[in-house]
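Input: a single structure, listed below in structure tokens.
All values reported here derive from a predicted model rather than from experimental measurement.
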Protein chains: 4
Amino acid sequence: MNHVRNSVRLIGNLGMNPDIRELGNGKKMARFSLATNESRRDAEGNRVTETSWHHLVAWGKSAEIAERFLHKGSEVAIEGKLTHRQYVDREGVKRQFTEIVVNDFLMLGSRQ
Amino acid sequence: MNHVRNSVRLIGNLGMNPDIRELGNGKKMARFSLATNESRRDAEGNRVTETSWHHLVAWGKSAEIAERFLHKGSEVAIEGKLTHRQYVDREGVKRQFTEIVVNDFLMLGSRQ
Amino acid sequence: MNHVRNSVRLIGNLGMNPDIRELGNGKKMARFSLATNESRRDAEGNRVTETSWHHLVAWGKSAEIAERFLHKGSEVAIEGKLTHRQYVDREGVKRQFTEIVVNDFLMLGSRQ
Amino acid sequence: MNHVRNSVRLIGNLGMNPDIRELGNGKKMARFSLATNESRRDAEGNRVTETSWHHLVAWGKSAEIAERFLHKGSEVAIEGKLTHRQYVDREGVKRQFTEIVVNDFLMLGSRQ
DNA sequence: TTTT
DNA sequence: TTTT
């Protein structure tokens, strides 16, 4: 319950169906990308949309709900924790990977 | 004012004095790292502290306030936007860089 | 920009069309109620929905957007500031009124 | 875990020591007031500080931590849920009471 | 007074 | 890769 120190809130759309893995202990993990679209005016005064793609991961119960209810295009609000992992890729290059560990999410616009 | 869609909140300490740049237009930019410390129990039940280091950038007025008041060790609460940039490093490796663009921050524990 | 100190985030539905007022200075004000629905299990294990009704007020540009796009039933995400006002009602009773001054909002599920 | 729908974040100071009650089931409850100070310029351009007093309540483990560590003047960051209760006072007047049910909090400026 |  |  450390979420006063580190909390991310995003509202956007899934770019793909969640990728579900089942771990050795039977616990599920769901990974997906979420696009947040920001609308602003550029130097010429035209409306432009800037899209950011965020990496999300959900565990356990949240992963199961994601598996059942989320799919490509789904609109969701999520709250999670910002994490950064270091790893070495296949070419031996040191890399950083930032992802949001989902604490809670809400499906939106579900009337469709 | 798109911060309903994309908002990060962190409370932690600066790892260094902010790095201040003045851009061509006279606008300032302040960069700094912020550590958030999360306390939890490990498998053996011992208290462990996990530290995450986040990259932050502030612009304009916020950068000026950061320059004047923030320094290594300062405790701050920040609200910002999660952004990801792609770039190619000196070795020609494609990389992603995640940083938080600060919208608002607050110095804490300032009674000292 | 004091929203690190005081910030409310709600996702819910309008109970009515916004009530629009135009002030002497031409600035608009929009008032509306927002329901947040929380689902939980009661002592007997049955799913129950608890609804909270919040009072919201938007000013200026936000009020104009609210007037044009929000109506009874609209699903929205809002970010605002928690405020409390004291007043004396017609019967001379001292009362407190809590409302959220909207900083930013987002219409959800707008595909309908 | 419904906090994507309804979440309040405040950073401020306690106006009093927490008021601790122990309920029949041995569970503790802590009540306290928190002041958030907002700095802004008035019509004449002078800096003015506006203080809002919020009612907070914490339960169980949070209440116990509040009892041990929080006191009048403590600086804290809290995350909670906005709730409204109706009641009838001793004079038979119907009233509303708004309070924030604390989910998580963090003591700040603890170096003192 | 909303929504699922 | 999403959405409007």
Closest non-hydrogen atom pair, A/Ser33 against A/Trp53: CB-CE3, 3.8 Å
- request: Could you list all the salt bridge (charged side-chain N to carboxylate O under 4.0 Å, His left out) pairs where at least one residue sits in residues 6-22 of chain A, not counting sequence neighbours?
  value: A/Asp19-A/Arg21
query: Of the nucleotides F/dT3, E/dT1, F/dT1, which one has an atom closest to the side chain of A/Asn13?
result: F/dT3
task: Compare the ring of A/Trp53 with the six-membered ring in the base of F/dT2 and state whether they stack (centres under 5.5 Å, planes under 30°).
output: no
message: Suppose we screen for ring pair (Phe, Tyr, Trp, His ring centres under 6.0 Å). Which residues come up paired with C/His71, at least two apart in sequence or across chains?
response: none
field: Gap between atoms CG and P, on C/Leu108 and F/dT2 respectively (whole Å)
entry: 20 Å
query: Taking atom C1' of F/dT2 as reference, at what distance in whole Å does atom CG of A/Asn17 sit?
result: 12 Å
- line: Side-chain contact check for C/Lys72: nearest option of E/dT1, F/dT3, F/dT1 is E/dT1
task: Mind running a 4.0 Å heavy-atom check of residues 35-50 of chain C against DNA chain F and sending the residues that fall below it, in number order?
output: none
- request: Using a cut-off of 6.0 Å, state whether more than 12 heavy atoms not belonging to C/Arg47 lie near its atom CZ.
  value: yes
message: Do D/His3 and A/Glu79 pair up side chain to side chain, a donor and an acceptor below 3.5 Å, judged on atom types alone?
response: yes
statement: Closest non-hydrogen atoms of B/Asn103 and B/Ser62, given as atom of the first, atom of the second and distance, are O-OG, 4.2 Å
Distance in angstrom units between B/Gln86 CD and F/dT1 C1', rounded: 13 Å
- prompt: Starting at CG of A/Leu10 and ending at P of F/dT1, how long is that distance when rounded to a whole Å?
  reply: 21 Å
task: Provide, to the nearest angstrom, the distance between the CE atom belonging to A/Met107 and the P atom belonging to E/dT4.
output: 13 Å
- line: From CG of A/Leu14 across to P of F/dT4 the rounded distance in Å is 14 Å
